[in-house]
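Naming convention: chains lettered A, B, ... in sequence-line order (proteins, then strands); numbering from 1 in each chain.
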There are 2 protein chains.
Amino acid sequence: MEEILGIQEIKACPIRYVLAINDTLNVISGKWKLPIIGSILFGKKRFTEIQRNIAKITPRMLSKELKELELNGIVTRNVYDTTPVSVEYELSESGKNIVEVLDKMVDWGLSHRKSIMGENQK
Amino acid sequence: MEEILGIQEIKACPIRYVLAINDTLNVISGKWKLPIIGSILFGKKRFTEIQRNIAKITPRMLSKELKELELNGIVTRNVYDTTPVSVEYELSESGKNIVEVLDKMVDWGLSHRKSIMGENQK
DNA sequence: TATAGTGATATACTAAAGTATAGTGTGTAA
DNA sequence: TTACACACTATACTTTAGTATATCACTATA
């Protein structure tokens with residue numbers, strides 16, 4: 001029943017629904033966006049802290065992705081006038097809410113894994 | 001409150017949660033996977049029907065993506081022994097359930113869009 | 001016999017995403 | 001004054017994703 005509702009929403013399929021899905025995908029797809037979101041999910045962090053948090057990310061990628069996330073309103077960049085300047089990155093409200101999407105993805109991912117295991121045991 | 005629950009789920013952050021999110025992302029990211037899922041969401045379809053459904057997809061891409069979706073257990077391929085053979089593609093149960101994830105993505109995408117509009121009007 | 005449809009595959013290419021490595025300007029601590 | 005931390009940027013490169021175009025074996029219809 002719940003599934004049918006979802007289907008009908010997509011069935012109506014106005015362009016803005018497709019756009020909304022794409023917006024969401026753009027925020028979370030790519031190799032580094034999720035790790036970055038994960039890293040600042042429980043509080044603001046500085047550039048180098050995030051970098052230390054995420055194994056193998058290069059400063060180039062971190063800088064590039066943070067800029068993109070900021071531009072898209074997912075991350076807020078706070079510059080403090082200390083010497084030397086310190087910069088903290090934080091999730092916006094929207095950024096925090098994405099957790100709801102991630103939770104659904106975890107649910108689906110886990111149940112899909114289970115269903116595949118079941119197949120293999122047949 | 002609901003948000004906090006989600007956060008704590010991720011906070012525990014065992015490797016399999018991260019894997020689950022990645023599984024889900026792999027199913028829906030890329031240029032053609034969502035259009036393909038959309039095309040067969042309301043019933044099985046044949047190769048050429050899907051191709052006609054999705055503007056500008058090449059047979060190479062459709063073939064490649066369908067294979068991948070089948071391998072990942074999202075799509076089922078049914079071959080009928082007619083002359084010439086006809087092949088129908090259909091979403092698996094898991095494939096159908098992904099709609100729940102998509103719905104959440106629509107919700108977040110729309111509310112994020114709204115929040116950004118609000119910013120611009122300040 | 002020619003033409004078109006079905007369900008693809010092969011080869012070669014371009015574009016986008018990501019990596020490697022080095023370097024910048026500022027300040028602090030030994 | 002040497003060395004290191006911070007917050008990056010620049011240049012060049014490789015890898016992956018996606019495109020373009022041609023072709024295949026088969027069959028049905030004109």
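A salt bridge between Lys96(A) and Glu93(A) is present, with a side-chain N of the basic residue lying under 4.0 Å from a carboxylate O of the acidic one.
Across residues 49-80 of chain B, Arg60(B), Met61(B) each have a non-hydrogen atom less than 4.0 Å from an atom of DNA chain D (numbered order).
When only modelled atom types and interatomic distance are considered, Asn78(A) and Lys44(A) share no side-chain donor-acceptor pair under 3.5 Å. A donor and an acceptor atom, one from each side chain of Ser92(A) and Thr76(A), are nowhere located under 3.5 Å apart.
Counting only residues at least two apart or on different chains, the salt bridge (charged side-chain N to carboxylate O under 4.0 Å, His left out) pairs with a member in residues 21-30 of chain A are Asp23(A)-Arg113(B). Legend: salt bridge (charged side-chain N to carboxylate O under 4.0 Å, His left out) pairs involving residues 78-90 of chain B, not counting sequence neighbours: none detected.
Distance CG (Asn26(A)) to P (dA16(C)): 14 Å, rounded to an integer number of Å. Put simply, CD1 on Ile36(B) is 12 Å from P on dA8(C), counting in whole angstrom units.
Counting only heavy atoms from C-beta outward, the side chains of Asn97(A) and His112(B) never approach each other to under 4.5 Å.
A search for side-chain contact (heavy atoms from CB on, under 4.5 Å) contacts involving Ser29(A) returns Ser29(B), not counting sequence neighbours.
You can see that DNA chain D meets the heavy atoms of chain A within a 4.0 Å-exclusive cut from dC6(D) to dA12(D), reading 5' to 3'.
With a cut-off of 3.5 Å on both Watson-Crick or G-U wobble distances, the partner of dA30(D) is given as dT1(C).
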Got a list of side-chain donor-acceptor pairs under 3.5 Å for residues 67-74 of chain B, not counting sequence neighbours?
unit_1: Asn72(B); atom_1: ND2; unit_2: Glu68(B); atom_2: O; d: 3.3

